[in-house]
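As structure tokens, the structure follows; a few thoughts come after it.
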Amino acid sequence: MTPVCIFTYRGDELPLRECVESVLSARLCPVVCDDAADPLPEWILGWLDSVGAEYLTTFFQRRGNLNGTDCAAGIARTMEAAARRYGTPSAIKLDADSIIIDPTPFLEGNVGACSTTQNRRDAFGACYALRRETAAAIARELEF
């Protein structure tokens, strides 16, 4: 099954549940990528374990909301590692406030998600899929 790397931090625990549930419903593997500088609260870690989500801590600089060259390299490296662990040709990147509606476009190399609207009037969210070798090449180019 294709891994979905969900990049999150403390404060995202409420929309994160909807996100993980959508990934599971799409029969994909949720890989919750928590920010070591601002980790999720303990109670959500128990819930993630109970639903079978993989949890890992990331240590790259996020510069606020996933900004900067070193952050982009960290995201690509995390996606490459997830695809390698799961033995898949690609991985999907999803924000914690996004839900997967239909995984087919992702698996075909396009986008198929939108964000939730919890606690706000609009919806947004960056999501994409990268092939394992593409993620590795991006990380190599961006790391310095």
Side-chain angles (χ1 to χ4, degrees), residues 1-132 134-136 138-139 142-144:
M1 291 196 321
T2 301
V4 179
C5 298
I6 306 164
F7 292 88
T8 190
Y9 66 99
R10 179 178 295 275
D12 265 355
E13 59 268 18
L14 295 180
L16 176 63
R17 290 184 296 179
E18 291 179 67
C19 178
V20 168
E21 288 170 353
S22 78
V23 171
L24 291 168
S25 292
R27 298 184 184 273
L28 302 170
C29 300
V31 179
V32 177
C33 307
D34 199 7
D35 185 356
D38 195 12
L40 292 165
E42 281 295 318
W43 69 266
I44 195 73
L45 303 183
W47 180 82
L48 291 169
D49 185 55
S50 74
V51 299
E54 180 183 353
Y55 173 83
L56 60 94
T57 303
T58 62
F59 295 91
F60 57 84
Q61 293 294 317
R62 296 202 180 184
R63 302 187 190 290
N65 188 17
L66 300 175
N67 295 308
T69 302
D70 49 349
C71 180
I75 290 170
R77 189 63 72 201
T78 302
M79 292 176 70
E80 175 200 11
R84 191 172 305 285
R85 265 192 324 282
Y86 284 86
T88 60
S90 63
I92 298 167
K93 184 264 184 193
L94 204 60
D95 287 348
D97 65 349
S98 300
I99 57 173
I100 290 184
I101 296 169
D102 177 4
T104 306
F106 278 118
L107 302 175
E108 293 174 350
N110 301 308
V111 175
C114 73
S115 69
T116 67
T117 56
Q118 185 168 352
N119 298 323
R120 61 179 175 268
R121 297 175 64 131
D122 57 341
F124 58 95
C127 49
Y128 49 83
L130 289 177
R131 295 192 56 77
R132 189 165 65 196
T134 304
I138 289 169
L142 296 178
E143 291 172 337
F144 45 88

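As the structure is a prediction and not an experimental result, all values here were calculated from the model.
- Side chains of Thr57 and Pro39 form no contact here, defined as non-hydrogen atoms less than 4.5 Å apart.
- Counting only heavy atoms from C-beta outward, the side chains of Lys93 and Phe7 approach each other to under 4.5 Å.
- Residues Ala136 and Glu80 approach most closely at CB-OE2, 3.4 Å, considering heavy atoms.
- Cys5 approaches Ala82 most closely through the heavy-atom pair SG-CB, 3.7 Å.
- Judged purely by atom type and a 3.5 angstrom limit, Ser50 uses its side chain to pair as donor or acceptor with the backbone of Trp47.
- Atom CG in Asp95 sits 11.0 Å away from atom CG in Leu16 (nearest 0.5 Å).
- Asp35 contributes atom CG, which lies 7.5 Å from atom CZ of Phe60 (distance to the nearest 0.5 angstrom).
- In this structure the side chain of Cys33 reaches within 4.5 angstrom of the side chain of Leu56, judged on heavy atoms.
- Rounding to the nearest 0.5 angstrom, the gap separating the CG atom in Asp34 from the OG1 atom in Thr58 is 7.0 Å.
- For the residue pair Ala96 and Cys19, the shortest heavy atom distance occurs at O-CB, 3.4 Å.
- Arg132 contributes atom CZ, which lies 5.0 Å from atom CZ of Arg84 (distance to the nearest 0.5 angstrom).
- Nearest heavy-atom pair, Leu28 versus Ile100, reported as atom, atom and distance to 0.1 Å: CD1-CD1, 3.7 Å.
- Between Val23 and Cys29, the shortest heavy-atom contact is CG1-C, 3.9 Å.
- Asp12 has its side chain out of reach of Ile6: every pair of non-hydrogen atoms, C-beta onward, lies at least 4.5 Å apart.
- With sequence neighbours excluded, the residues satisfying salt bridge (charged side-chain N to carboxylate O under 4.0 Å, His left out) with Glu54 are Arg85.
- Contact annotation: the side chain of Thr88 approaches that of Pro3 to within less than 4.5 Å [non-hydrogen atoms, C-beta and beyond].
- Considering only heavy atoms from C-beta on, Val32 stays 4.5 Å or farther from Ile44 through its side chain.
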Exercise. Apply side-chain hydrogen bond (donor to acceptor under 3.5 Å, both in side chains) to the pair Asp49 and Tyr55, showing each step before the final yes or no.
Key: CA-CA 8 Å; Asp49 185 55; Tyr55 173 83; over 6 Å; no

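- Listed here is the closest heavy atom pair of Arg62 and Thr8: NH1-O, 2.8 Å.
- A salt bridge does not link Glu13 with Arg17: none of the charged nitrogens is closer than 4.0 Å to a carboxylate oxygen.
- For the side-chain contact (heavy atoms from CB on, under 4.5 Å) test with Val4, the passing option among Val31, Val20, Leu94, Leu24 is Leu94; the others fail.
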